[in-house]
Protein chains: 2
Amino acid sequence: MKNTESTENYLKSIFKLQTVDKKVSTTDLADYMGVRAASVTGMLKKLARKKLVSYQPYKGVTLTHIGRKLALKTLRTHRLIELFLVEHLGLSWEEVHGEAEKWEHVISGKIEERIDKLLGYPLHDPHGSPIPSANGELKIKDTVRLDRVQEGESGTIEEVPDEDPEFLAYLGENDIIPGNKIKVLEKSVVGKTLKIQITSKKHTIGLKAAEKIRVHQPKDKGRK
Amino acid sequence: MKNTESTENYLKSIFKLQTVDKKVSTTDLADYMGVRAASVTGMLKKLARKKLVSYQPYKGVTLTHIGRKLALKTLRTHRLIELFLVEHLGLSWEEVHGEAEKWEHVISGKIEERIDKLLGYPLHDPHGSPIPSANGELKIKDTVRLDRVQEGESGTIEEVPDEDPEFLAYLGENDIIPGNKIKVLEKSVVGKTLKIQITSKKHTIGLKAAEKIRVHQPKDKGRK
DNA sequence: AATAATATTTAGTTATGACTAAACATATTT
DNA sequence: AAATATGTTTAGTCATAACTAAATATTATT
Ligand SMILES: [Mn+2]
Ligand SMILES: [Mn+2]
Ligand SMILES: [Mn+2]
Ligand SMILES: [Mn+2]
């Protein structure tokens, strides 16, 4: 009756894809997890039997209440570990995701509490993602995609994706780090680029890459 | 070709039993690991095919050079983690073995190095067991079993077993901790007890329990 | 040396979670 | 509506590592 590593990874993946559109398709899940669609079908049946997901053949999956709880618990552990690895073991932010992907399945509740305390009950991981609370609540901040920010507007980097080490290294080199102030200087729809100002440095980034970066803008739309 | 968690646990177990007598029997290994003898036979064949052990049916196993290296690597990781959990996360010495048993299989080489550095390149874990060096060397200290120490002789607690939390809690309560000075006041072979003096407190321990405790005695046999 | 006790291996089964190939369902064109 | 493309499930296989029951080896006892 114990939950396996695979189970936790599936629930976490479904949770992430679910935030985009309600129901998650077999193929999307397979692509995201790097396994074959047939494997996903098999696994979804098992998860459904354990009441962790609600699954209708050909129509996609959603998490049940208990499945969502477990997904958030794993996500919480994952993000606490990431921050711990950066803050206390001096790893760089591009290295920690892979490690956390393994650690998240073996850390006991007690150790998680200790790490949480040691870090001062943090609210965000190194990539700006919110850390779910111990009782499974997650607050989503109001943000916009960087590619949607208008010319002349500014804001604060809120969150970047944590999976791709290369992309993270690139972002780090250009100070595109959560907390930093950012201003859009020029947007070229034809050239698919965005000229930005960040920490007194100017930089041009592709619009495709900018899609992945979430920016927080104050109510007044950040004119300045 | 990647080594599994089971593989690492088997090699570590064989290593420990091997230090007692050269060849390890199927039954001893099964008892120690809490699995059936038939399961051990099956696993030993796999390990032999991978050249990690030298296995002769009905005659026992020994580690090959490469198997021994892997066992020591895992043991090193295990012991570094135990110390890390005590020193940096404030866990008690009876809790850490179980945690380390899981962590040892997921920690990357890089993180192991960081932990090693953070701890100041320690030579012993919280239970007094030596930590193998990064290149797979292990130095065994010259010690005696506490039940073999003669009346009136003294020494220093060197090492205690790390597997049984209850026993460790008992030892901790009575200051039977590596590094502490100990003196044998009275040995009752009939009553199977040992009266000891440790950190200005007197205590009586069973001879059977004393067998598990290793004591370091100076050359002059610790008269004092 | 024969018998009994103990240790070990073999054979067959189970659960987990991947895979491929083939069948089937749904969506999009023509 | 029929044809085609795409998405998804089914069926059968594989590797890993446990299990039980039965067979076989080794060791100890008479
Ligand atoms: Mn994971
Ligand atoms: Mn992250
Ligand atoms: Mn282990
Ligand atoms: Mn130990």
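Atoms considered below: every heavy atom in the structure, side chains included; atoms not considered: hydrogens, waters and symmetry mates. Below, chains carry the letters A, B, ... as their sequence lines are ordered, and counting in each starts from 1.
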Does [X] have a side-chain nitrogen or oxygen under 4.0 Å from the phosphate oxygens OP1 or OP2 of [N]?
X	N	result
S39(A)	dA18(C)	no
Y10(A)	dA18(C)	yes
S25(A)	dG7(D)	no
T4(B)	dT16(D)	no
K45(B)	dT9(C)	no
R36(B)	dT20(D)	yes
S6(A)	dA18(C)	yes

Starting at NZ of K141(B), measure out to NZ of K139(B) and round the result to the nearest 0.5 Å.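 Going from the NZ atom of K141(B) to the NZ atom of K139(B) covers 8.5 Å.
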Nearest to the side chain of [X], which nucleotide is it out of [options]?
X	options	answer
V35(A)	dT10(D), dA18(D), dC19(C)	dC19(C)
T26(B)	dG17(C), dT10(C), dT9(C)	dT9(C)
K46(A)	dA17(D), dT9(C), dG17(C)	dG17(C)
M43(B)	dA18(D), dG17(C), dT9(C)	dA18(D)

[X] [atom1] to [N] [atom2]: how many Å, rounded?
X	N	atom1	atom2	value
E5(A)	dA18(C)	CD	C1'	14 Å
Y55(B)	dT10(C)	OH	C1'	10 Å
D28(B)	dA7(C)	CG	P	9 Å
L47(B)	dA17(D)	CG	P	8 Å
K2(A)	dA17(D)	NZ	C1'	16 Å
H105(B)	dT16(D)	NE2	C1'	15 Å
D31(A)	dG7(D)	CG	P	9 Å
M33(A)	dC19(C)	CE	P	10 Å

Tell me which residues in residues 56-64 of chain A put a heavy atom below 4.0 Å from DNA chain D, sorted by number, or none.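 Within this stretch, P57(A), Y58(A) sit under 4.0 Å of the strand.
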What pairs meet the ring pair (Phe, Tyr, Trp, His ring centres under 6.0 Å) rule with one or both residues in residues 107-130 of chain A, with sequence neighbours excluded?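 Pairs touching residues 107-130 of chain A that pass the test: W93(A)-H127(A).
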Restricting to pairs with a member in residues 77-91 of chain A, which pass salt bridge (charged side-chain N to carboxylate O under 4.0 Å, His left out), not counting sequence neighbours?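 Found R79(A)-D125(A).
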Under 3.5 Å, is there a donor-acceptor pair between the side chain of T204(A) and the main chain of K195(A)?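 Checking the backbone N and O of K195(A) against the side chain of T204(A), no donor-acceptor pair under 3.5 Å is found.
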Main-chain N/O of A210(B) paired with R145(B) side-chain donor or acceptor, under 3.5 Å: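 Pair absent, no side-chain N/O of R145(B) close to backbone of A210(B).
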Give the intermediate values and the outcome of side chain to side chain donor-acceptor pair (under 3.5 Å) for residues H97(A) and E163(A). CA-CA 6 Å; H97(A) 178 77; E163(A) 271 137 81; 4.7 Å; no
Residue among E8(B), E112(B), E104(B), H78(B) satisfying side chain to side chain donor-acceptor pair (under 3.5 Å) with K73(B):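 Only one option passes, and that is E112(B).
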Are there more than 12 heavy atoms of other residues, nucleotides or ligands under 6.0 Å from atom NZ of K102(A)?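 Yes, NZ of K102(A) has more than 12 neighbouring heavy atoms, counting only those of other groups under 6.0 Å.
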